[in-house]
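Here is the structure we will look at.
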Amino acid sequence: VMEPSILLLRACLALLAMPIYLLSFLGIWEPFCKKIFFPFFLEKLSAVHEKKVKKQKQELFRNLPDFKSPSGELKLLEIGTGCGPNFQFYPPGCRVTCSDINPNFQQSLSRSMSKNQHVQYERFLVAAGEDLHQVPSGSVDAVVCTLVLCSVQDVNGTLREVLRVLRP
């Protein structure tokens, strides 16, 4: 026989989860998460995370200007851009192509771009890291992928794509 307190906790949990079950049953839960909840949550979480890692990222991205092409231009591809927390660390005039598997980040990405006008926004690609066929081989000077390799389907495939798109 179960303890009454366990039964009460189970009932409370079921009651709290009921909206999720209902939305899932109606086929609304996954689109809601991808379009609204996840981008909103990640944008808020990013703000907290960025404050904690600001000095490390400044150091990490400090030498990006060293990768400029012979013409003096720096073309950068960011895989898993999300809401664009790295833009603040990119050098002035840098041309950024953003990619993310979730197209619903574009609204928060626009907010980040307006805060970081020192960067030239090229385009947004809806693409997985393992399949960057929209990016020509040897066309970028640097590739950034922070906090994304843990969520790609194939890390080696993603790294092969990084090597392919980088300028020799």
Side-chain angles (χ1 to χ4, degrees), residues 29-168:
W29 178 247
E30 189 174 332
F32 169 77
C33 280
K34 283 184 179 176
K35 290 182 180 178
I36 299 167
F37 180 73
F38 187 65
F40 173 81
F41 176 75
L42 194 63
E43 188 173 9
K44 300 305 176 201
L45 185 64
S46 275
V48 173
H49 178 259
E50 291 308 311
K51 287 178 185 172
K52 292 183 177 192
V53 297
K54 186 171 186 167
K55 287 183 181 174
Q56 290 87 349
K57 281 197 173 183
Q58 285 172 329
E59 179 61 25
L60 178 67
F61 295 126
R62 179 180 51 82
N63 67 342
L64 270 178
D66 298 345
F67 295 97
K68 288 181 180 177
S69 67
S71 69
E73 188 175 61
L74 179 64
K75 290 182 182 176
L76 188 143
L77 168 68
E78 184 168 0
I79 302 173
T81 305
C83 50
N86 292 327
F87 296 156
Q88 62 184 310
F89 303 106
Y90 295 162
C94 172
R95 299 168 62 106
V96 181
T97 297
C98 304
S99 74
D100 204 292
I101 198 163
N102 187 341
N104 301 298
F105 281 114
Q106 291 184 65
Q107 187 176 18
S108 55
L109 189 60
S110 293
R111 284 193 290 276
S112 184
M113 278 294 176
S114 67
K115 292 178 193 171
N116 294 283
Q117 294 189 358
H118 67 284
V119 174
Q120 290 182 321
Y121 174 71
E122 289 290 296
R123 61 187 175 145
F124 181 85
L125 306 173
V126 178
E130 305 91 321
D131 182 13
L132 298 170
H133 70 274
Q134 300 170 69
V135 181
S137 298
S139 65
V140 297
D141 303 305
V143 176
V144 172
C145 47
T146 58
L147 302 177
V148 76
L149 291 178
C150 59
S151 62
V152 298
Q153 295 292 319
D154 178 9
V155 173
N156 288 332
T158 301
L159 295 176
R160 274 192 299 277
E161 281 291 84
V162 166
L163 288 174
R164 181 187 65 76
V165 302
L166 280 171
R167 176 177 50 83

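All values derive from a computational prediction rather than experimental measurement.
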Worksheet item: Under 3.5 Å, is there a donor-acceptor pair between the N102 and N104 side chains?
Response: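 Yes, N104 and N102 have a side-chain donor paired with an acceptor closer than 3.5 Å.
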Worksheet entry | Intermediate values then yes/no, side chain to side chain contact (heavy atoms under 4.5 Å, CB included), S99 and Q134 | CA-CA 10 Å; S99 74; Q134 300 170 69; over 6 Å; no
Practice prompt. Evaluate whether atom CG of L109 has more than 12 neighbouring non-hydrogen atoms of other residues, nucleotides or ligands under 6.0 angstrom away.
Written response: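 Atom CG in L109 is crowded, with more than 12 foreign heavy atoms closer than 6.0 Å.
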Mark yes or no for whether [X], through its side chain, and [Y], through its backbone, hold a donor-acceptor pair below 3.5 Å.
X    : Y    : answer
Q153 : E130 : no
T81  : C98  : no
R164 : L132 : yes
D141 : K68  : no

How long is the straight-line distance from [atom2] of [Y] back to [atom1] of [X], given to the nearest 0.5 Å?
X    : Y    : atom1 : atom2 : answer
D154 : L159 : CG    : CG    : 9.0 Å
F87  : K115 : CZ    : NZ    : 11.5 Å
Y121 : T97  : OH    : OG1   : 8.5 Å
I101 : L125 : CD1   : CG    : 12.5 Å
M113 : S108 : CE    : OG    : 11.0 Å
Q120 : K75  : CD    : NZ    : 11.0 Å

Worksheet item: Is the shortest heavy-atom distance from the side chain of L166 to the side chain of V140 under 4.5 Å?
Response: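 Yes, close enough: below the 4.5 Å cut-off.
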State, to 0.1 Å, how close [X] and [Y] come at their nearest heavy-atom pair, and which atoms those are.
X   : Y    : answer
L64 : A142 : CD2-CB, 3.9 Å
P70 : R167 : CD-NH1, 4.1 Å
P65 : R62  : CD-O, 3.4 Å
G82 : D100 : N-OD2, 2.8 Å

Discussion item. Among residues at least two apart in sequence or on other chains, which ones pass side-chain contact (heavy atoms from CB on, under 4.5 Å) with V144?
Written reply: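 Residues passing side-chain contact (heavy atoms from CB on, under 4.5 Å) with V144: F61, L76, E78, N86, Y90, T146.
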